[in-house]
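The analysis underlying the following values was restricted to heavy atoms, covering all of them including side chains, and did not include hydrogens, waters or symmetry mates. Throughout, residue positions are numbered sequentially from 1 according to the sequence presented.
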Amino acid sequence: MLGAKQQWCPRCQRHVQTEQKQSHIGKQRKLVKIVVTCGRCRITLSSKTTSAAALEQDQNAAAEK
């Protein structure tokens with residue numbers, strides 16, 4: 001899930017490298033907002049809010065592979 005990937009950008013009209021940013025949400029910081037942007041024009045391609053625990057599990061599973 002993490003790392004540079006290529007996605008279709010509707011503004012650039014081609015596949016581009018993406019950048020992913022994470023920010024914690026809430027007072028207890030139990031939620032994480034993940035925003036994927038185009039590396040070329042900086043338009044937001046997708047955003048997702050997930051729990052910090054689920055994100056940590058995904059990262060650990062990816063590191064084990």
Side-chain angles (χ1 to χ4, degrees):
M1 189 161 126
L2 298 175
K5 295 183 180 178
Q6 287 196 349
Q7 276 187 326
W8 178 260
C9 177
R11 184 183 286 175
C12 297
Q13 294 292 313
R14 64 179 175 173
H15 283 90
V16 293
Q17 291 285 71
T18 59
E19 295 178 1
Q20 182 173 329
K21 294 183 182 178
Q22 299 177 7
S23 58
H24 291 276
I25 299 174
K27 289 183 179 180
Q28 297 176 348
R29 299 172 126 347
K30 290 187 178 181
L31 295 176
V32 177
K33 183 173 184 176
I34 302 168
V35 179
V36 178
T37 58
C38 172
R40 190 164 187 241
C41 68
R42 305 287 188 237
I43 189 173
T44 300
L45 299 175
S46 66
S47 65
K48 176 182 177 183
T49 303
T50 186
S51 69
L55 180 64
E56 186 175 328
Q57 284 180 344
D58 288 345
Q59 289 175 343
N60 289 340
E64 290 176 3
K65 289 183 179 178

Surrounding CD of Q13 (heavy atoms of other residues, nucleotides or ligands, distance under 6.0 Å), is the total greater than 12?
yes

Passing option when L31 is tested against L55, I25, T50 for side chain to side chain contact (heavy atoms under 4.5 Å, CB included):
I25

Could you go through the side chain to side chain contact (heavy atoms under 4.5 Å, CB included) check for H15 and Q7 one step at a time?
CA-CA 5 Å; H15 283 90; Q7 276 187 326; 5.7 Å; no

Point-to-point distance, once rounded to the nearest 0.5 Å, from [atom1] of [X] to [atom2] of [Y]:
| X | Y | atom1 | atom2 | result |
| --- | --- | --- | --- | --- |
| T37 | L45 | OG1 | CG | 7.0 Å |
| K5 | Q20 | NZ | CD | 7.5 Å |
| R14 | C38 | CZ | SG | 8.5 Å |

Within the side chain of R42, is there an N or O that forms a donor-acceptor pair under 3.5 Å with the backbone of G39?
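The answer is yes, because a donor-acceptor pair under 3.5 Å joins these two groups.
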
Is Q22 close to K33 at the side-chain level, that is, under 4.5 Å between some pair of heavy atoms?
no

